[in-house]
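Read through the structure below, which is laid out as structure tokens, and then see the notes.
The shown structure was predicted, so the numbers you read here are calculated from the model rather than taken from an experiment.
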Amino acid sequence: MKELRPSPAAQAAQPTIERISIDNAGSDGFLTQVCGFPVTFTERGHVTVRTFGEVDKGLAQVRSINLGIVVSANGNSYRFRDVGADVLRVTPDGVAILLIIGQVPFQFTGVLKIDLDTGEVVHEPRHVTEGAVAKACAVLAG
């Protein structure tokens with residue numbers, strides 16, 4: 001009779017999971033500087049962090065981000081989202097790779113891949129959203 005063994009995936013340790021609620025407000029230093037007038041922000045949502053313990057290769061951590069953000073100035077508001085996942089994995093040869101996936105406000109949508117050992121960008125996102133900053137400033141200026 002053949003012995004049944006769990007697959008390697010089934011044998012892997014279950015991650016520790018932490019859910020962090022976000023409810024922040026304050027001055028937005030970045031938009032205040034770029035727009036040239038005081039801008040405030042409110043952000044609400046959550047970040048879920050799944051950590052897979054000490055790994056020499058494979059998936060080490062997944063940080064899922066889901067935030068709704070409202071910035072305000074001069075009686076006007078501009079809404080946007082910060083959504084996606086930051087995935088940390090270790091290659092078979094021991095290189096730590098960070099994948100930033102999703103929509104990063106005023107920067108990009110898509111995937112940014114960074115070799116954490118060297119700081120080298122291995123893959124750049126194809127859709128840059130930096131032009132959204134000018135749009136946000138125009139809305140906030142009124």
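Although no hydrogens or angles enter the test, the distance criterion places a donor-acceptor pair under 3.5 Å between the side chain of T32 and the main chain of V39. The main-chain N or O of E120 is found under 3.5 Å from a side-chain atom of T118 such that the two form a donor-acceptor pair.
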Dump the intermediate steps for side-chain contact (heavy atoms from CB on, under 4.5 Å) on T48 and I20, then the final yes or no.
CA-CA 6 Å; T48 303; I20 304 161; over 6 Å; no

Would V121 and L112 count as a side-chain contact (heavy atoms from CB on, under 4.5 Å) here? Give the steps.
CA-CA 7 Å; V121 173; L112 173 65; 3.7 Å; yes

Evaluate the side-chain contact (heavy atoms from CB on, under 4.5 Å) criterion for residues F52 and T16: first the C-alpha distance (whole Å), next the side-chain angles of each, then the deciding distance (0.1 Å), finally the verdict.
CA-CA 7 Å; F52 294 86; T16 58; over 6 Å; no

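Closest of all the heavy-atom pairs between F37 and A141 is CZ-N, 3.7 Å. Across every non-hydrogen atom of Y78 and L140, the tightest pair is N-CD2, 4.0 Å. Minimum heavy-atom separation, P15 to R50: CB-CB, 4.2 Å. Taking each heavy atom of F41 and S27 in turn, the nearest pair found is CE2-O, 3.5 Å. Residues L67 and H46 share a closest heavy-atom pair of CD2-N, 3.8 Å.
The structure places OG1 of T109 at 12.0 Å from CZ of R126, a figure rounded to the nearest 0.5 Å. Note that CD1 of I97 is 4.5 Å distant from CG of D115, once rounded to the nearest 0.5 Å. Once rounded to the nearest 0.5 Å, the distance linking CD of E43 with CG of D82 reads 8.0 Å. To the nearest 0.5 angstrom, H127 atom NE2 is 8.5 Å from Q103 atom CD. Atom CG of L98 is separated from atom CZ of R63 by 9.0 Å, given to the nearest 0.5 angstrom. Rounded to the nearest 0.5 Å, atoms CD (E124) and CD1 (I114) are 9.5 Å apart.
Note: the hydrophobic cluster containing V111 does not contain I65 (ILVMFWY, side chain heavy atoms under 4.5 Å, direct or indirect links). No continuous path of ILVMFWY side-chain contacts below 4.5 Å connects V122 to F108, so the two sit in separate hydrophobic clusters. Placement of L59 and V49 in two distinct hydrophobic clusters is found when ILVMFWY residues are connected by side-chain heavy-atom separations under 4.5 Å, directly or transitively. V71 and V133 fall within the same hydrophobic cluster, where Ile, Leu, Val, Met, Phe, Trp and Tyr residues are linked whenever their side-chain heavy atoms come under 4.5 Å apart, directly or through other members. Linking ILVMFWY side-chain heavy atoms closer than 4.5 Å, directly or via other members, places V47 and V87 in two distinct hydrophobic clusters.
None of T129, I69, V70 except one satisfies the side chain to side chain contact (heavy atoms under 4.5 Å, CB included) rule with F80; the exception is I69.
Taking 4.5 Å as the limit, some side-chain heavy atom of L99 sits within range of a side-chain heavy atom of R89. Considering only heavy atoms from C-beta on, L116 comes within 4.5 Å of L88 through its side chain.
Judged purely by distance below 3.5 Å, without hydrogens or angles, the side chains of S77 and S72 pair a donor atom with an acceptor atom.
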